[in-house]
Amino acid sequence: MQYRVLLVDDDRDMISLLSAWLQEAGFEVDPVMSGSEAIARIDVIRPHLVITDLVMQGMDGMTLLSKIHRQNPLMPVIMLSGKAQIADAVKAMHLGTAEFLTKPIAKEELLDRVRHTLRLAAGESDSGLNFGKEMIYRSEKITRLLEQAKLLAGTDVTVMITGATGTGKEALAKAIHEGSARKDRSFVAINCAAIPEQLLESELFGHEKGAFTGAQTKHEGLFQAANGGTMFLDEVGDMPLGLQVKLLRVLQDFAVRPVGSVRGFPVNVRVISATNTDLEQGVKSSRFREDLYYRLCVVPLHLPALAERREDIQPLLNHFLERVGQRDNMKRKRFAPEAADYLVSAPWPGNIRQLMNVVELCCALTSTDIIPLTMAQKALRDQPAHVQTLKDAKEDFERSYLVSVLRVTNGHVSHAARLAGRNRTEFYKLLKQHHIEPEEFRSSRQASEED
Amino acid sequence: MATRIVRVDPELKDLIPGFLNNRRQDALTIRAALAQEDMETVRILGHRMKGCGGGYGFNALSELGGILEQCAQNRDSEAITNAVDELQAYLAEVEIIYD
């Protein structure tokens with residue numbers, strides 16, 4: 001197979017030199033002298049690899065890289081630069097460049113990096129065989145997703161994983177880390193929704209001693225702890241707006257400034273973020289910064305819900321049964337066929353996490369080797385699909401309370417307000433908040449009396 | 001300044017005359033730019049020479065390109081003149097062995 005290379009440089013002598021080297025090595029070369037020509041050529045020649053200069057007249061290499069990856073997120077790009085600027089190299093790697101090479105470059109080095117990049121792009125990395133080995137699946141959807149993730153692991157591109165709670169977003173992020181050149185460094189995960197804003201800033205970026213009340217010692221922060229490795233920002237859509245600005249600055253400058261510090265510290269961290277909310281909607285409603293969204297979502301990966309890949313349920317059940325058996329040093333239990341069928345067809349709103357809990361519960365409460373249908377049904381019924389936030393739980397309770405009081409009083413607002421210990425005006429306000437119409441609880445006679 | 005004898009990959013033999021002619025043209029362009037205090041043109045040409053000289057086998061041209069780029073950034077006209085003198089002398093004397 002002859003690989004096609006699109007070569008982009010505004011220096012004719014450089015084009016001639018690199019073309020000669022690549023052609024001699026057996027590559028088909030299509031040279032262009034500007035970024036805009038390159039964009040136009042990509043769809044025509046569909047290259048296997050793009051090699052571009054960084055500094056060019058008109059569109060520079062970084063802009064070209066962004067434009068290429070907007071249309072072709074997995075297209076490998078090698079960037080050449082006349083200046084060894086670390087910030088440029090790190091930025092290019094985060095935007096998804098496969099290699100960043102400094103000119104003057106030797107022939108063997110260039111050809112070596114080109115072959116290496118094409119091998120990775122074809123999924124022939126050394127770690128390729130084991131990629132995602134911790135993930136349990138049989139479905140075509142996850143197979144294709146992991147193929148994409150494997151290609152991304154070979155780059156430093158910033159990835160955003162979307163999917164409902166419990167679908168395995170952190171497991172996928174970890175698989176990308178384990179398949180990357182950063183695998184020997186730290187994988188640091190943080191749930192942005194679980195920590196209050198003030199604490200989250202200090203956790204992420206660190207703080208100096210005495211930066212605020214209670215900061216008795218210096219704390220280096222998770223970004224510095226993840227230096228050289230990968231930072232996984234879970235539930236990034238719940239990050240407060242104030243912190244979003246600070247995160248954006250880190251992604252732009254590749255440096256963190258701890259709370260209370262006057263200087264920044266350079267960090268080389270790959271960021272993988274995840275969310276179960278619609279971030280595009282968040283951007284529209286100004287809850288999430290648009291510039292940060294585009295920084296984080298260079299390549300999106302979507303994890304489908306368990307109900308959309310039911311063929312994965314049986315292997316997952318087997319995996320968790322095996323794991324529980326080994327952990328508890330007990331004989332591995334199994335589901336009766338009708339119990340397994342029931343679980344395979346269940347709705348699973350809590351996804352893999354819910355399935356894992358159901359297996360745990362079934363194993364704990366079944367004394368025989370075979371778990372019967374009744375136990376599977378009970379376990380699934382007893383499992384909450386997900387844990388609500390306190391705010392949502394309070395709102396649900398309040399609504400349900402208002403409905404019960406209105407039902408008891410047949411929609412008589414004054415009586416209901418008295419029972420609830422509120423005055424009439426306050427009670428009406430609460431009903432309005434929850435869009436509850438007291439008329440719906442009244443008979444026609446009571447309605448006329450109330451009015 | 002490095003030696004004037006340069007060993008070049010025979011695969012590049014066809015490209016070398018054009019490459020060296022372009023450098024001769026660069027020397028003239030740099031002098032003209034210098035007369036108009038157009039340091040940006042000097043910097044760009046120096047930067048390119050630094051980037052591709054070594055690849056063709058002319059490490060001395062990469063060194064000179066780097067000097068020109070730096071001098072243009074420092075707006076050091078005298079040093080640029082010296083570097084262009086050196087560039088033209090090198091281009092006049094360089095001997096190439098293809099092996």
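Note on naming: letters A, B, ... go to the chains in the order of the sequence lines (proteins, then strands), and numbering restarts at 1 for each one.
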Using atom types as modelled, flag every donor-acceptor pair under 3.5 Å from a side chain in residues 91-99 of chain B to any protein atom, sequence neighbours excluded.
unit_1, atom_1, unit_2, atom_2, d
Glu93(B), OE1, Arg4(B), NE, 3.0
Asp99(B), OD2, Arg7(B), NH1, 2.7

Taking side chain as everything from C-beta outward and backbone as N, CA, C, O, which of these in [X] sits under 4.5 Å from a heavy atom of chain B? Side chain, backbone, both or neither.
X: Asp53(A); result: neither
X: Ala106(A); result: neither
X: Ile105(A); result: backbone

Answer yes or no: is there an ion pair linking Asp9(A) with Lys103(A), defined by an N-O contact shorter than 4.0 Å?
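Answer for the salt bridge query: yes.
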Can a side-chain donor-acceptor contact be found between Thr63(A) and Asp60(A) if the only test is distance below 3.5 angstrom?
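Yes, a side-chain donor-acceptor pair sits under 3.5 Å.
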Output the option from Gly51(B), Gly66(B), Gly65(B) having the highest count of non-hydrogen pairs under 4.5 Å with chain A.
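Going by pairs under 4.5 Å, I would pick Gly51(B).
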Is a side-chain N or O of Ser19(A) found less than 3.5 angstrom from the main chain of Ile15(A), in a donor-acceptor match?
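Pair found, side chain donor or acceptor close to backbone of Ile15(A).
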Look only at the side chain of Asp10(A) and the backbone of Met33(A), and say whether a donor-acceptor pair between them is shorter than 3.5 Å.
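No, Asp10(A) side chain to Met33(A) backbone: no donor-acceptor pair under 3.5 Å.
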Against chain A, label Asp9(B) side chain, backbone, both or neither, depending on which of its atoms sit under 4.5 Å from a heavy atom there.
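When you check distances to chain A, only side chain atoms of Asp9(B) fall under 4.5 Å.
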